Amino acid sequence: MASVILPTKGGGLETFEIGPAVAAAQGGEWNRTAYAAAHVVVDPYADNDPWLDCAVDWDRTLAFREHLWAKGFGVAEAMDTAQRGMGMDWPTSLELIKRSVSLAKSGGHLIACGAGTDHLAPSDASSLDDVIAAYEKQCEAVEAAGGRIILMASRALARVAKSPDDYGKVYGRILGSLKEPAILHWLGEMFDPALEGYWGDSDHMTAMDTCLGIIAGNASKVDGIKISLLSAEKEVSMRRRLPKGVRMYTGDDFNYPELIAGDEQGYSHALLGIFDPIATAAAQALSALSSGDMDVYHSAFDPTVPLSRHIFKAPTRFYKTGVVFMAYLNGHQDHFTMLGGQQSTRSAQHLADIVRLASKAGLFDDPDRAATRAARVFATCGIGI
């Protein structure tokens, strides 16, 4: 077996053996719609200022989307997993959307694209009209590229809104102008502290009432909603209150197996960042769910949950570091470099536990490659040299 030297909690070192991969998923139609929010691969050779500039390796970035489509996933493009608003600006996001939509259409693949207000600095927003204009600009650009909208939460709206009615005004205006029904995205403050109090209240259940009212008033223009609150109870509560025909897309990277499986009153579809690093296991689980084999479903999904909870642990906004680390170890890119230098947001101990948990879940396609690449990363910390 492949082995790598990892740091331990007590300040020592251990030789860790990486286990084999899970079996590849069998084909077939799924009975859940599953979008993977995909990361971007940076160009490490660009001569730029990495904290300020966006340099994307387009070939490897698009190849990763092909990897996800081949597994059976739809791609949720230019979302926070792609460091949207956290390293990737709007012009680069739009270029990514154009390239991905073109590739999706040529292959008959499922794609939906994030539209928000991130080109408008929250400090520059002085009115709801500013927010509406910003949303309109991005929605029009995405639709012009042929993309379907995921309506992302707005930091600018969170700043200028004075009441729940202000959210209703903005969302009603934007949804009413779209060509196709959109997926709404309620991103919790654990992912982005600037979104504290979204929908007009810091209490999630009160905010949920406002959000549900907006959905009910615009149901024909809402395909579904993705909520990322890391609370199964809140998601199920909202799911049971959605208007008929409006889908719940789980964004809960802590509790996705139970939420996707559902209960006697319904289930969630999925739009998840964790599907990026666990695509093979997730595809196997979703295939098993479609055939009614719940034992295989849980045996594929359940071992991935400790890894996901670790990758998305507080500060949750740094989860993208673990996602890209896994992509590097599994050969989807040739370096562990991120936009904004965000590979530095997690410790060597954190990355070591990713190796341990991913190995236990059978997520390394090539254990020898994973061990070799992990050793290179830990060597930069003086470990194993």
Side-chain angles (χ1 to χ4, degrees), residues 1-2 17-41 60-76 81-82 107 109-111 250 253-254 256-257 259-261 269-291 293-312 319-320 322-334 336 351 353-374:
M1 296 179 69
E17 293 186 343
I18 295 179
V22 298
Q26 297 180 356
E29 295 293 324
W30 293 349
N31 57 9
R32 303 286 189 273
T33 300
Y35 287 97
H39 76 283
V40 295
V41 182
R60 297 305 289 267
T61 292
L62 295 176
F64 189 76
R65 279 124 184 89
E66 294 274 25
H67 157 73
L68 293 171
W69 284 320
K71 296 288 186 184
F73 295 97
V75 167
T81 306
H109 304 305
L110 181 64
I111 190 169
T250 185
D253 300 279
F254 283 5
Y256 48 92
L259 292 165
I260 295 170
H269 298 274
L271 198 165
L272 287 164
I274 195 57
F275 282 169
D276 180 310
I278 71 164
T280 298
Q284 184 175 17
L286 291 166
S287 294
L289 180 64
S290 297
S291 65
D293 192 335
M294 298 309 294
D295 288 339
V296 172
Y297 175 82
H298 285 294
S299 68
F301 248 159
D302 291 355
T304 70
V305 174
L307 171 68
S308 188
R309 291 185 173 221
H310 180 68
I311 287 176
F312 284 80
Y319 77 88
K320 294 164 285 293
V323 169
V324 175
F325 183 56
M326 284 292 296
Y328 170 59
L329 297 185
N330 268 328
H332 296 294
Q333 54 195 85
D334 295 327
F336 180 39
L351 299 180
D353 282 340
I354 287 178
V355 173
R356 295 182 180 102
L357 293 169
S359 174
K360 188 173 183 179
L363 297 177
F364 291 124
D365 300 330
D366 183 336
D368 288 317
R369 176 180 58 201
T372 298
R373 292 187 166 202

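What you see is a predicted model, and the numbers here were worked out from it, not measured in a lab. The figures that follow rest on heavy atoms only: side chains count, while hydrogens, waters and symmetry mates do not.
Residues Thr250 and His269 have side chains not in contact (no heavy-atom distance under 4.5 Å, counting atoms from C-beta outward). With contacts defined as side-chain heavy-atom distances shorter than 4.5 Å, the pair Val324/Gln333 qualifies.
Closest of all the heavy-atom pairs between Val75 and Ala38 is CG1-CB, 4.4 Å. Here the shortest heavy-atom pairing between Leu68 and Ala279 reads CD2-CB, 3.9 Å. Annotation for Arg369 and Leu329: closest pair NE-O, 3.7 Å, computed over non-hydrogen atoms. Across Ala288 and Val296, no two heavy atoms sit closer than the pair CB-CG1, 3.6 Å.
There is no side-chain donor-acceptor pair under 3.5 Å between Asp353 and His310.
Here the OG-CD distance, from Ser359 to Glu17, works out to 9.0 Å after rounding to the nearest 0.5 Å. Taken from CZ in Arg373 to CG in Asp368, the straight-line distance is 12.5 Å, to the nearest 0.5 Å.
Ring-centre distance between Phe312 and Phe254: not below the 6.0 Å cut-off.
Side-chain N or O atoms of Ser290 include one that pairs as donor or acceptor with a backbone N or O of Glu29 at under 3.5 Å.
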Ser308/Tyr319 under side chain to side chain donor-acceptor pair (under 3.5 Å): CA gap, chis, key distance, verdict:
CA-CA 9 Å; Ser308 188; Tyr319 77 88; over 6 Å; no
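Under the ring-ring contact (aromatic ring centres under 6.0 Å, His included) rule, Phe73 has a single partner from Phe275, Phe64, Tyr35, which is Phe275.
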